Number of protein chains: 2
Amino acid sequence: MTGQVRTVDGRVAGRRGQATRQKLLDCLSEMLSSSPYRDVKVIDVARKAGTSPATFYQYFPDVEGAVLELAEDVAKEGSGMTELVAGRSWVGKSGWQTSEQLVEGFLDFWRRNDAILRVIDLGAAEGDKRFNKIRMKILNSVTGSLTESVKELQAKGKVDKDVSPAAVAGSLVVMLAGVASHQKGFTAWGVKQAELKPNLAQLVHLGITGKKPAK
Amino acid sequence: MTGQVRTVDGRVAGRRGQATRQKLLDCLSEMLSSSPYRDVKVIDVARKAGTSPATFYQYFPDVEGAVLELAEDVAKEGSGMTELVAGRSWVGKSGWQTSEQLVEGFLDFWRRNDAILRVIDLGAAEGDKRFNKIRMKILNSVTGSLTESVKELQAKGKVDKDVSPAAVAGSLVVMLAGVASHQKGFTAWGVKQAELKPNLAQLVHLGITGKKPAK
DNA sequence: TCGGTAAGCTGACGGCATGACAGGACAAGT
DNA sequence: ACTTGTCCTGTCATGCCGTCAGCTTACCGA
């Protein structure tokens with residue numbers, strides 16, 4: 001799958017090359033955390049990495065290209081979130097636990113990678129197919145599993161037939177993502193960090209099962 | 001409230017001035033719809049408006065300054081969304097109707113202004129206080145009303161005491177906003193436009209009242 | 001040990017956006 | 001026609017972009 005890393009002009013990157021490449025990515029990631037995406041300049045990233053702009057262009061076509069690389073990494077990590085839902089129960093107390101752990105895990109993931117996720121979100125919203133694909137990959141890990149959960153509950157007659165599993169799952173995941181990226185908004189809003197998670201978990205449980213959780 | 005419009009160097013703008021200023025804003029708005037925020041350049045906006053970059057700088061400190069102006073306009077329009085919730089019933093069939101109309105109105109508003117809302121969202125997520133304030137103003141119109149609704153239901157004993165009205169209201173609104181800005185994602189996801197709205201309405205109703213709606 | 005070869009890096013350059021300024025164009029009133 | 005204040009633009013220094021030729025470094029086989 002992952003062929004060897006190549007420079008823009010087609011050479012294969014060796015040890016040293018991969019190191020500087022990675023350093024550039026790390027610095028870019030830092031910059032994204034500390035300054036608005038719009039203001040991130042190639043020259044700044046290069047300077048921070050102790051190299052020259054020309055070197056940057058040897059490994060990436062432009063800033064966006066490098067960001068896509070970072071995004072792929074995040075996507076890879078995000079795929080692991082399937083485990084937060086897959087094969088878990090949605091009935092009784094364990095159902096409530098599933099819900100809580102999903103919220104916890106998801107928010108945690110988002111907070112860990114918020115800078116890049118912001119950019120992915122923007123790119124996707126602006127209609128960029130590459131960013132959209134990456135965003136899908138990340139959210140799919142959770143949405144896919146959740147959709148399955150709803151379908152199973154429907155099959156057992158525990159959820160109304162007229163709900164669309166994918167629509168509900170997608171909406172809930174988008175909610176989690178939105179809350180995660182605007183947590184500051186909530187605090188400025190009078191909502192304490194501590195009460196946010198349980199309320200989210202409650203909403204998720206309600207949405208998936210249609211019933212209040214048994215705590 | 002709205003003092004007279006002023007240029008960057010302090011002069012008051014006359015008729016002609018306000019016209020070109022508005023034209024610049026319109027062109028900027030168009031550009032935001034058609035190309036990524038990061039790539040919107042002053043020179044392009046000016047060209048599109050049939051004027052020079054220098055003129056742009058007479059009315060706005062930079063692109064961001066102009067965007068903030070657009071954002072304020074959107075915020076003003078968004079304030080009207082209070083009516084989608086304020087004073088409406090959440091019981092019985094009218095409760096379901098309230099929920100449906102809220103979803104409908106909110107999605108509509110978001111779609112009408114998606115380009116600027118994207119930028120506001122990004123700015124807010126990046127921690128810019130001005131954008132955060134504007135975002136709050138927009139969302140508050142709905143969240144505030146929803147919070148009141150939940151509080152009332154709580155007072156009547158129809159909703160559990162341990163839910164945080166603000167947390168629930170905020171989360172639901174964020175969900176609506178998220179879904180609105182990534183609708184393409186949902187279709188690519190196998191969810192049809194038509195089934196999205198009722199499912200969202202169901203989630204909103206569930207979240208607010210804790211019960212399935214009576215359709 | 002010694003080239004040979006490919007990887008790795010950078011100085012330098014034309015091109016373009018930025019943002020500031022001074023001065024010209026224009027409209028309105030006298 | 002003259003004045004006044006608004007409005008616009010040509011021009012310029014500055015700084016980033018993206019590319020290329022050419023230099024340095026590392027590896028390898030003879």
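Keep in mind it's a predicted model, so treat the numbers as computed, not measured.
- Pairs passing the side chain to side chain donor-acceptor pair (under 3.5 Å) check and including a residue from residues 23-35 of chain A, sequence neighbours excluded, read A/Q22-A/D26.
- Cation-pi check for B/R118 over B/Y37 is not met; the charged atom does not lie both under 6.0 angstrom from the ring centroid and within 45 degrees of its normal.
- Residue pairs satisfying the salt bridge (charged side-chain N to carboxylate O under 4.0 Å, His left out) criterion with at least one member in residues 11-22 of chain A, sequence neighbours excluded, are listed as follows: A/D9-A/R11, A/R21-A/E69.
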Side-chain donor-acceptor contacts of residues 168-176 of chain B below 3.5 Å, not counting sequence neighbours, with atom names and distances?
unit_1 : atom_1 : unit_2 : atom_2 : d
B/S171 : OG     : B/A167 : O      : 2.7

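- For residues 57-84 of chain A, the ring-ring contact (aromatic ring centres under 6.0 Å, His included) pairs, not counting sequence neighbours, are A/F56-A/F60.
- Scanning for side-chain contact (heavy atoms from CB on, under 4.5 Å) contacts around A/L206 gives A/Q202, A/K212, B/L206, with sequence neighbours left out.
- At a non-hydrogen distance threshold of 4.0 Å, nothing from residues 18-34 of chain A comes into contact with DNA chain D.
- In 5' to 3' order, the nucleotides of DNA chain C bounding all contacts with chain B (an atom under 4.0 Å from a heavy atom) are C/dA17 to C/dC21.
- In this structure, the salt bridge (charged side-chain N to carboxylate O under 4.0 Å, His left out) partners of B/E64, at least two apart in sequence or on a different chain, are B/R130.
- By the side-chain contact (heavy atoms from CB on, under 4.5 Å) test, B/E83 is found to be paired with no residue, residues two or more places apart in sequence or in another chain being considered.
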Any N/O pairs under 3.5 Å between the protein and nucleotides 16-21 of chain D? List them or say none.
unit_1 : atom_1 : unit_2 : atom_2 : d
D/dC17 : OP1    : A/V42  : N      : 3.2
D/dC17 : OP2    : A/I43  : N      : 3.1
D/dG18 : OP2    : A/Y57  : OH     : 2.5

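- A/K197 pairs by the salt bridge (charged side-chain N to carboxylate O under 4.0 Å, His left out) definition with A/E104, not counting sequence neighbours.
- At a threshold of 4.0 angstrom between heavy atoms, the contacts of A/F60 with the nucleic acid are absent.
- For the salt bridge (charged side-chain N to carboxylate O under 4.0 Å, His left out) test, residues two or more places apart in sequence or in another chain that qualify with A/E77 are A/R112.
- Backbone-only contact: A/R16 has heavy atoms under 4.0 Å from sugar-phosphate atoms and none from a base.
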